[in-house]
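First comes the structure, then the notes that go with it.
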Protein chains: 2
Amino acid sequence: MKLTTKSEYTLLALIHLARHGERGYVKIEDICEAHSIPKKYLEILFSVLRQGGYINTRRGSAGGYMLARPAAEITLAEIIRLMDGALAPTESVSKYFFSDTPLAKEKKMIAVLGEIRDYIAGRLEQLTLVDVV
Amino acid sequence: MKLTTKSEYTLLALIHLARHGERGYVKIEDICEAHSIPKKYLEILFSVLRQGGYINTRRGSAGGYMLARPAAEITLAEIIRLMDGALAPTESVSKYFFSDTPLAKEKKMIAVLGEIRDYIAGRLEQLTLVDVV
DNA sequence: CTCCTTGTCTATTGACATGATAGACAAATT
DNA sequence: AATTTGTCTATCATGTCAATAGACAAGGAG
């Protein structure tokens, strides 16, 4: 499991959008100023969110970004997976990538790590943006 | 939290030593062959373990490596911390590094991540080498 | 219709960590 | 003395993270 500034900035920005709610589009610069995020960097992260269908955009003045789905339907797990990859501590215990890691043959290690993965995934899949706003 | 091949190779090697038990020193090459670990790379990892007091060494023929402490007293948590750093998902929820991360001001996020950290740390601190041999 | 505002795209960068390798050196056993 | 093994220093390729720059496209305001 990885949790880089990609996920962190993204979650911050999404929380910002969730707080702003239905009151129209939010300019990227407002978000960046509020949380000290480099503008050009957040643009890249937002382009991933847009392609993932999480946000709607509008250009021109009065343009900006807005949540495309209800905050209650966006889980922390999917955002982190989208930005930083699988939640498993190591590849060999990821549900979707059964590629070999050095530990792959140590069944007890795999069991331990799998258990931790299940906890992390379970917890983060329960939580949505509304829980952290 | 990070779990790279450093921790993975190290855990594998320690498990190997634990299985060999009191039956004398184990050559690094035997370990490498058994688990497909690059020899020169494992040497580096072993030097960290030695400086940490986890293994004893002996040179010359019939030399090699041996656990310096009972396997039951070596937790998975300390090995992973030694090789890959803190167990917390992100710096801002690490017990020892309260440095600022972007999420630092979002109390609910910190609570969630702290909870996950506590679970991971608790689990890995309970488990020792004998549990995974 | 034109200007201004804002998002979109392509690319490039520096810093750092990971994973690995090579070779000289030191110590202990036979 | 010869052989075996660990120890040390150094270097390397690759990839990711984090950030920045600049040209371009689209929409709204006047």
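Remember, it's a predicted structure, so these values are computed and weren't measured experimentally. In what follows, every chain begins at residue 1, and chains take the letters A, B, ... in the order their sequences are listed.
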Could you give the CG-to-C1' distance, from A/Leu42 to D/dA18, as a whole number of Å?
13 Å
Any side-chain heavy atom of A/Ile15 sitting closer than 4.5 Å to one from B/Met109?
yes
Whole-Å distance separating the NZ atom of A/Lys2 from the P atom of D/dG15:
14 Å
Are A/Thr75 and A/Gln126 close enough that a side-chain donor and a side-chain acceptor fall under 3.5 Å?
no
By the 4.0 Å heavy-atom rule, please label A/Tyr65 as base, sugar-phosphate, or nothing.
sugar-phosphate
So, is B/Lys27 near the phosphate of D/dT5, with a side-chain N or O under 4.0 Å from OP1 or OP2?
yes
Indicate yes or no: does B/Arg19 engage A/Glu106 in a salt bridge with an N to O separation below 4.0 Å.
yes
Are A/Thr4 and D/dA18 close enough that a side-chain N or O sits under 4.0 Å from OP1 or OP2?
yes
Rounded to the nearest angstrom, tell me the gap between atom CD1 in A/Ile44 and atom C1' in D/dA19.
8 Å
Just to be sure I understand the rule, does A/Ser47 reach a base, reach only the sugar-phosphate, or reach nothing, if contact means heavy atoms closer than 4.0 Å?
nothing
Carboxylate-amine/guanidinium proximity below 4.0 Å for B/Glu43 and B/Lys40
yes
Distance, rounded to the nearest Å, where B/Arg59 contributes CZ and D/dT4 contributes P:
17 Å
Looking at A/Glu78 and A/Arg69, is there a salt bridge between them, counting it only when a charged N and a carboxylate O are closer than 4.0 Å?
yes
Take the protein atom CZ of B/Arg58 and the nucleotide atom P of D/dT5, then report the distance between them rounded to whole Å.
12 Å
When the nearest nucleotide of DNA chain C is assigned to A/Gln51 and to B/Tyr41 on a heavy-atom basis, which residue is associated with the more 5' position?
A/Gln51
Name the first nucleotide and the last nucleotide along DNA chain C (5' to 3') that come under 4.0 Å of a heavy atom in chain A.
C/dT5 to C/dC9
Looking only at side chains, do B/Glu73 and B/Thr128 share a donor and an acceptor under 3.5 Å apart?
no
Interatomic distance, A/Tyr9 OH vs D/dC17 C1' [rounded to whole Å]
11 Å
Taking for each residue the nucleotide of DNA chain C bearing the nearest heavy atom, is the 5' side occupied by A/Lys40 or by B/Gly60?
A/Lys40
Check the angle between the aromatic planes of A/Tyr41 and A/Tyr9 and answer parallel, tilted or perpendicular using the 30° and 60° thresholds.
perpendicular
D/dA19 P sits how many Å from A/Ile37 CD1, rounded?
10 Å
Comparing A/Met83 with B/Gly63, nearest DNA chain D nucleotide closer to 5' gives the residue B/Gly63
Under 4.0 angstrom, heavy atoms only, what part of the nucleic acid is A/Tyr25 near: base, sugar-phosphate, or nothing?
nothing
Ring centroid separation A/Tyr65 to A/Tyr25 under 6.0 Å
no
Categorize A/Lys39 for me: base, sugar-phosphate, or nothing, with a 4.0 angstrom heavy-atom threshold over every strand shown.
nothing
Atom pair distance, as rounded to whole Å: CD in B/Glu29 and C1' in D/dT4
11 Å
Would you indicate, yes or no, if D/dA29 has its OP1 or OP2 atom less than 4.0 angstrom from a side-chain nitrogen or oxygen of A/Ser61?
no
